[in-house]
Amino acid sequence: MDQNSTRLSPPAEPRDFGFYVDGKSVPAGERDVFLRNSPGHGCPVTRIPKCTAADLDRAVDAARAAFEDRRWSGLNGQARAAVLLRAGALIRERADEIAYWETLENGKPISQARAEVGGCADMFEYASGLARSLHGDSFNNLGDGMFGLVTREPVGVVGLITPWNFPFLILCERVPYILASGCTIVAKPSEVTSATTLILAGILTEAGLPDGCMNVVTGSGATIGQALLDHPRVDMLSFTGSTAVGRRVVEASGRSNFKKLGLELGGKNPQIVFADADLEDAADGVAFGMAFNTGQCCVSGSRLIVERAVADDVTQMVRDKLARAVVGDPLDEATQIGAITTDAQNSTILGYIEKGKAEGARLVCGGEPVDLGQGQFIAPTVFADVTPEMAIAREEIFGPVLTVLPFDTVDEAITIANDTEYGLAASVWTKNIDKALTVTRRVQAGRFWVNTTLAGGPELPLGGFKQSGWGREAGIYGVEEYTQVKSVHIEIGKRSPWIA
Ligand code: NDP
């Protein structure tokens, strides 16, 4: 059965995708291909070309030409907005198809994939407004002889490297904003989740985006990804992934042409729960925050920092919630927790679980794989009696693993929350406004939630403090990120001479 049937199942044969250059899909031809197995089913689902360095050059040339001849940046905001709006409508029309391939390659529950695709259409719709409202500034206070303008111009060709955890969502948190700014794109999705990026490229052409403005090269990070980082004719690089590769991005920029960089990297995000919180809400939010997308989420709430007086109760409530979460076939509508996306990530998570046990943390629930007869699944896992120096309390696990750390005072909660090299996201749960605001002010994180978690939309920007990254995506900030500022001084009347 395929995605049009009522009960979804994987395709009988893997689907072939081409990469995408200058408005056209290019079949693999003689190139090697990457055969992707569904992590939830263990069967092959897609075949993706392994692009060569020459393919990358073609894609960069196409993006460069499209930028230089102003076929996109030279249009007025209304025309650019119209394309982005049409793209949003096409994404909505094809939501089931996009969600199906996203689930097959990534392993996330189909209901979640559909919700994400709806959010992606919303990103395009919102960014279309920004294409029209983006503007600069003027200075009318420089004296009678001078007028000052500050304009925003698109940076140029943007390389976009996206990870496997939210292949379509992370893409759509960037692409419409980049296009709204007038830039052109060469995207490199993760090799294991390239399908929906390639579907989006086709949608953009159908929506009226001029050829060459959206190009997609496929292949591994170590080969084609690294070549994109090093490419001298790419002006900016937006990277989302591990902090380790983020470091390589910074090094490559210095080695090549000082590309402007946007980085969204790892997180070890605190969920601070005070005794005066609505504990039922907090426990539900903590369970959701750690298990959503199997914890393979840069903003996953992986550290529960809970007031000691209620620590045991809240831990028990979270455990009870997780016991009722449905781990299952990602294509099943009832599934809430799907498969672990890659074999490497599966081993990493199981390795951390063993480390937690060896370090002396107390296993409250989970701690083992779930055998569904096919695919790879891990039971949501909670560790209590965790101390701040343990690896499971410090390092990004990127899996459904929660560590519980108790505190006694507001200051102590803030200290534990900030005791990490990361600063991506944080949540605080309390009904006391003073505590909520104090914690929100003093915990270092680019995204903050009060009495909720993982909420988001196109209006509010994303990004991290400390080693979680540079720059912001989405919102008005997400368009400005892909522009550079030009100051224009305009003399009015006769210039006062330097040489009389
Ligand atoms: P990576 O950082 O290796 O992968 C992220 C993206 O970077 C992928 O598109 C990958 O391509 C690409 N990439 C990998 N190496 C290079 C390179 N040398 N040059 C350019 N691009 C490259 O993450 P992993 O997939 O290895 O996951 C490891 C850990 O990273 C996880 O356990 C998690 O902690 C963290 N992570 C964080 C994410 C976030 O959203 N902040 C997302 C993903 C991972 P390809 O996959 O084709 O190799």
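In what follows, residues are counted from 1 in the order of the sequence shown. First listed ligand is number 1; within each ligand, the first listed atom is number 1.
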Just going by heavy-atom distances, which of [options] is nearest to [atom]?
| atom | options | value |
| --- | --- | --- |
| atom 5 (C) of ligand 1 | Val245, Leu424, Thr240 | Thr240 |
| atom 39 (C) of ligand 1 | Ala222, Ser194, Cys297, Cys298 | Cys298 |
| atom 24 (P) of ligand 1 | Trp164, Phe239, Tyr352 | Trp164 |
| atom 20 (C) of ligand 1 | Gly225, Ala187, Ala244, Ser468 | Gly225 |
| atom 36 (N) of ligand 1 | Phe34, Phe398, Tyr422 | Phe398 |

At less than 4.0 angstrom from any non-hydrogen atom of [X], what atoms of ligand 1 do you find?
| X | value |
| --- | --- |
| Glu396 | 33 (C), 34 (O), 35 (C) |
| Glu191 | 45 (P), 46 (O), 47 (O) |
| Gly219 | 47 (O) |
| Pro163 | 42 (C), 43 (C) |
| Gln226 | 17 (C), 18 (N), 19 (N), 20 (C) |
| Gln345 | 31 (C), 32 (O) |

For atom 1 (P) of ligand 1, is the nearest protein heavy atom closer than 4.0 Å?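 Under the 4.0 Å cut-off, atom 1 (P) of ligand 1 does have protein heavy-atom neighbours.
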Counting only heavy atoms on the protein side, is anything nearer than 4.0 Å to atom 45 (P) of ligand 1?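 Flag for atom 45 (P) of ligand 1 set to true, protein heavy atom closer than 4.0 Å.
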Electrostatic pair [X]-[Y], nearest N-O below 4.0 angstrom:
| X | Y | answer |
| --- | --- | --- |
| Arg174 | Glu473 | yes |
| Asp235 | Arg64 | yes |
| Glu395 | Arg303 | no |
| Glu264 | Arg472 | no |

Please state which protein non-hydrogen atom is closest to [atom] and give its distance, to 0.1 Å?
| atom | result |
| --- | --- |
| atom 48 (O) of ligand 1 | Gly221 N, 3.0 Å |
| atom 41 (N) of ligand 1 | Leu265 O, 2.9 Å |
| atom 29 (C) of ligand 1 | Ser242 CB, 3.9 Å |
| atom 11 (O) of ligand 1 | Lys188 NZ, 3.0 Å |

Side chain, backbone, both or neither: which part of [X] has a heavy atom under 4.0 Å from ligand 1?
| X | result |
| --- | --- |
| Thr342 | neither |
| Ser220 | backbone |
| Arg248 | side chain |
| Thr162 | backbone |
| Phe166 | neither |

Please check this pair: side chain of Gln376 against backbone of Asn346, looking for a donor-acceptor N/O pair closer than 3.5 Å. no
Asn269 (side chain) donor-acceptor with Ala425 (main chain) under 3.5 angstrom: yes
Scan for salt bridge (Lys or Arg N to Asp or Glu O under 4.0 Å) pairs involving residues 192-204, sequence neighbours excluded, and state none if there are none. none
Quick check on side-chain hydrogen bond (donor to acceptor under 3.5 Å, both in side chains): which of Thr341, Asn37, Thr196, Thr46 does Glu105 satisfy it with?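 It is Thr46, the one option of Thr341, Asn37, Thr196, Thr46 that forms the side-chain hydrogen bond (donor to acceptor under 3.5 Å, both in side chains) with Glu105.
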Does [X] reach ligand 1, in the sense of a heavy atom lying below 4.0 Å from it?
| X | result |
| --- | --- |
| Thr348 | no |
| Asn165 | yes |
| Gln296 | no |

Under 4.5 Å between any side-chain heavy atoms of [X] and [Y], yes or no?
| X | Y | result |
| --- | --- | --- |
| Tyr20 | Leu200 | no |
| Arg362 | Val404 | no |
| Leu322 | Arg319 | no |
| Thr403 | Leu304 | no |

I need the minimum non-hydrogen distance between Ile224 and Leu56, along with the two atoms involved. CD1-CB, 4.1 Å
Which heavy atom of Gly366 sits nearest a heavy atom of Ala379, and at what distance?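 Closest pair (atom of Gly366, atom of Ala379, distance): CA-CB, 3.9 Å.
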According to salt bridge (Lys or Arg N to Asp or Glu O under 4.0 Å), who are the partners of Glu191, at least two apart in sequence or on a separate chain?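 Glu191 satisfies salt bridge (Lys or Arg N to Asp or Glu O under 4.0 Å) with no other residue.
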